[in-house]
> 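Structure in structure tokens, see below.
All figures in this text were calculated on a predicted structure; none of them were measured in a lab.
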Amino acid sequence: MPQPSYTPELLDELKMLGMFNPNNHQEGIKVHSSAEPAMIEAARRLHRKGLVTQDDGGYLTATGQEAAEHARDLLTLLGTADATT
């Protein structure tokens, strides 16, 4: 299996997942038409992947909540690892 790469598109999706409030799953986001085109496209991709409920954001699905949690965990681990060197 090929090693996944961290493309700019994937990083934009991770950034968008990080915008959701981890403490309130009833709080969604709305990506407005005036937002950065990369964020608009990231929201659309996340919707196609079944991670958010609307193509302009909406709410995280159950899978989206899990993905967002893993993304936060990774950022925490990387941030902690950086602080110890």
Side-chain angles (χ1 to χ4, degrees):
M1 176 180 239
Q3 178 72 19
S5 61
Y6 293 95
T7 64
E9 292 82 10
L10 180 60
L11 294 173
D12 288 339
E13 292 172 24
L14 289 168
K15 180 178 177 182
M16 177 148 301
L17 287 172
M19 292 178 183
F20 286 88
N21 183 345
N23 300 315
N24 184 352
H25 297 299
Q26 300 300 318
E27 185 178 320
I29 63 169
K30 167 84 171 155
V31 180
H32 294 276
S33 60
S34 60
E36 294 178 38
M39 290 294 100
I40 293 170
E41 289 304 314
R44 289 180 181 154
R45 287 191 304 275
L46 290 174
H47 181 252
R48 283 194 301 269
K49 293 176 181 181
L51 301 178
V52 296
T53 60
Q54 301 292 319
D55 68 355
D56 63 352
Y59 301 94
L60 289 170
T61 63
T63 304
Q65 290 173 12
E66 184 177 348
E69 182 179 328
H70 287 302
R72 283 189 298 276
D73 290 345
L74 179 60
L75 286 173
T76 299
L77 286 169
L78 291 175
T80 301
D82 188 46
T84 61
T85 57

> Test of understanding: clusters of I, L, V, M, F, W, Y form through side-chain heavy atoms closer than 4.5 Å, transitively. Do M19 and L17 belong to the same one?
yes
> Does L46 share a hydrophobic cluster with Y59, counting links as ILVMFWY side-chain heavy atoms below 4.5 Å and allowing steps through other members?
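In one cluster: no.
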> Listed by chain and number, what are the side-chain contact (heavy atoms from CB on, under 4.5 Å) partners of R72, not counting sequence neighbours?
P22, A68, E69
> Would the distance check show the side chain of T61 and the main-chain N or O of G50 forming a donor-acceptor pair, the cut-off being under 3.5 Å?
yes
> Do K49 and E13 have side-chain heavy atoms sitting under 4.5 Å apart?
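Counting from C-beta outward, K49 and E13 do come under 4.5 Å.
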> Is there a side-chain contact between H47 and T53, using heavy atoms and a 4.5 Å cut-off?
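The answer is no; the side chains never approach within 4.5 Å.
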> How long is the gap from OG1 on T7 to CG on L10, to the nearest 0.5 Å?
5.0 Å
> List the atom of A42, the atom of M16, and the distance in Å for their closest heavy-atom pair.
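Heavy-atom minimum between the residues: C-SD, 4.3 Å.
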> Kindly work out whether a path of hydrophobic side-chain contacts (I/L/V/M/F/W/Y, heavy atoms less than 4.5 Å apart) joins L60 to M39.
yes
> Counting only N and O atoms by type, is there a donor-acceptor contact under 3.5 Å from the side chain of R45 to the main-chain atoms of E9?
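Pair found, side chain donor or acceptor close to backbone of E9.
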> On a heavy-atom basis, which atom in V31 and which in A43 lie closest, and how many Å separate them?
CG2-CB, 3.9 Å
> Could you measure the distance from the CG atom of D56 to the OG atom of S33? Nearest 0.5 Å is fine.
9.5 Å
> Provide the closest heavy-atom pair for F20 versus V52 in the form atom of the first, atom of the second, distance.
CZ-CG1, 3.8 Å
> I'd like to check the side-chain hydrogen bond (donor to acceptor under 3.5 Å, both in side chains) partners of D12; sequence neighbours left out, ordered by chain and number.
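Scan of D12 (side-chain hydrogen bond (donor to acceptor under 3.5 Å, both in side chains), adjacent residues dropped) gives none.
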> L78 versus L74: any side-chain heavy-atom pair under 4.5 Å?
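Side chain of L78 against side chain of L74, heavy atoms only: contact under 4.5 Å found.
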> Atom CD in Q26, atom CG in N23: separation rounded to 0.5 Å?
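Between atom CD of Q26 and atom CG of N23 there are 13.0 Å.
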> Atom CD in E41, atom CG in D55: separation rounded to 0.5 Å?
9.5 Å
> If you round to the nearest 0.5 Å, how far is OG of S34 from CD1 of I40?
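That separation rounds to 7.5 Å.
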